[in-house]
Amino acid sequence: MDLFNSALGKNITFLRPAFFIISGFIGIPNIKYYYAFLFFVYIISVLANTAVMAAIYLDHNLRTPKYIAVFNLALVDLLGNSAMVPKILDIFLFNHPHISYNDCLTFLFFCYVFLSMQALNLVALSYDRAMAIVYPLHYQLKVTHKFMFCLIASFWVFVIIVILIATGLLTRLSLCESVVIKSFFCDHGQIYRLACNDYTPSDITAWILPALILWLPLLFVLLSYLSIGYALAKVATVRERMKGFKTCTAHLSLVAIYFLPILITLRLNIEPNARIINLSLTSVFPPMLNPIIYVLQTQEIKESLKKLKGRITTHYKNRKVKFKK
């Protein structure tokens, strides 16, 4: 962050609080049950995403370009919930609302990186589906392992740079209005509005970020499905159309689960407590549901998990037999 602290070479001192206070919910009785529910969601998310990652890693039949993106999605979901939920539980369930300045910016950075990568993973998967249906004969030439690795890597680099710039700009603000963040985590918008000097760069960034990591990915996904719909409309039989569309149902479910709650929350002018509930559920629910949807709607992963379960069962049976001998 020293690059941003130089203030373009000028000797300027910025006022920074020693800590922030994350307020969370206000005036809701028995709110600890909600945090216990988030912990339950987190445990399911860890188990489900780990199972999907293990199935893809251990099954050579799943080492295709598509499942590179699926593996990365499971990894991002696992890391995203692990970055957010334990800290939220520590803050609210164990009553530690004070968070140091540096820890808050670090918390913000990782939360935004993983949330942004969820959207870009959906872009990678939509591209895979579009190529598979629109150009089925050239799919293996257009979507290779190298291409998918490069695409995913470029998304990681892009997101890290963008969020690093947004976080770095916050370090050039004098925060003297308040130390209370009215959210459930270190929210970018809540922090820069506490500044008592010019926060125009951060304000512009707050407009650009959603365009880059939300609206553009959503636009690409919609355009890819328009091309898929057009390609399927030219298919002769209804049965072939349904077969082609069925390969997209898992991905469409992920798109709906990720984008719809965010769009609804952004469009509605709701009171702070309801907004925090919506945003927190929007952040932690998709990482839990994504692997479950892929397991339920993807035959290859179902079969792989059955094989993995069989191997584990056989291994333990063999160990028991050896132990008895």
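By convention here, the first residue in the shown sequence is residue 1.
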Find out whether [X] and [Y] are in side-chain contact, i.e. whether some heavy atom of one side chain is under 4.5 Å from a heavy atom of the other.
X      : Y      : value
Met117 : Ile213 : no
His138 : Met131 : no
Tyr258 : Thr282 : no
Phe71  : Val52  : no
Leu151 : Phe155 : yes
Ile56  : Ile68  : no
Phe114 : Asn81  : no

Name the atoms and distances for all side-chain donor-acceptor pairs under 3.5 Å in residues 84-99, with sequence neighbours left out.
from	atom 1	to	atom 2	distance (Å)
Asp90	OD1	His96	ND1	2.9
His96	NE2	Phe94	O	3.4

Nearest 0.5 Å, please: how far is CG in Asn290 from CG in Leu254?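 Reported value, rounded in 0.5 Å steps: 4.5 Å.
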Point to revise | Value rounded to 0.5 Å, distance of CG in Leu105 from NE2 in His188 | key: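 Between Leu105 CG and His188 NE2, I get 10.0 Å after rounding to 0.5 Å.
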Under 3.5 Å side-chain donor-acceptor pair for Asp128 and Tyr139 =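 Result is yes, a qualifying pair exists.
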Side chains of Thr205 and Tyr192, donor plus acceptor under 3.5 Å
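Side chains of Thr205 and Tyr192: no pair found under 3.5 Å.
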Item checked: Within residues 103-127 or reaching into it, pairs that qualify as side chain to side chain donor-acceptor pair (under 3.5 Å) - sequence neighbours excluded ->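 Counting only pairs at least two positions apart or across chains, the side chain to side chain donor-acceptor pair (under 3.5 Å) contacts touching residues 103-127 are Asn72-Asn121, Ser100-Asp103, Tyr112-Asp187.
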Let me have the donor-acceptor pairs involving side chains of residues 217-225, under 3.5 Å, with sequence neighbours excluded, atom names and distances please.
from	atom 1	to	atom 2	distance (Å)
Ser224	OG	Phe220	O	3.4
Ser224	OG	Val221	O	2.6
Tyr225	OH	His251	ND1	2.6

Results of disulfide bond (SG atoms under 2.5 Å apart) for Cys104 - residues two or more places apart only
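If we apply the disulfide bond (SG atoms under 2.5 Å apart) test to Cys104, skipping adjacent residues, the hits are Cys186.
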* Taking only residues two or more places apart in sequence or in another chain, which ones pass disulfide bond (SG atoms under 2.5 Å apart) with Cys150? ->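 Once residues adjacent in sequence are excluded, Cys150 has no partner under the disulfide bond (SG atoms under 2.5 Å apart) criterion.
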*Residues two or more places apart in sequence or in another chain: which of them pass ring-ring contact (aromatic ring centres under 6.0 Å, His included) with Phe107?*
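Phe107 satisfies ring-ring contact (aromatic ring centres under 6.0 Å, His included) with no other residue.
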Exercise. Is the centre of the His145 ring less than 6.0 Å from the centre of the Phe149 ring?
Worked result: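 No, too far apart.
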In terms of heavy-atom contacts, does OH of Tyr34 have more than 12 from other residues, nucleotides or ligands at under 6.0 Å?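 Yes, because the 6.0 Å sphere around OH of Tyr34 holds more than 12 heavy atoms from other groups.
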Practice prompt. For Gly24 and Ile276, work out which heavy atoms get closest and say how close.
Written response: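 The answer is O-CD1, 3.4 Å.
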- Closest contact, heavy atoms only, Ala69 versus Leu125: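 Heavy atoms of Ala69 and Leu125 come nearest at CB-CD2, 3.7 Å.
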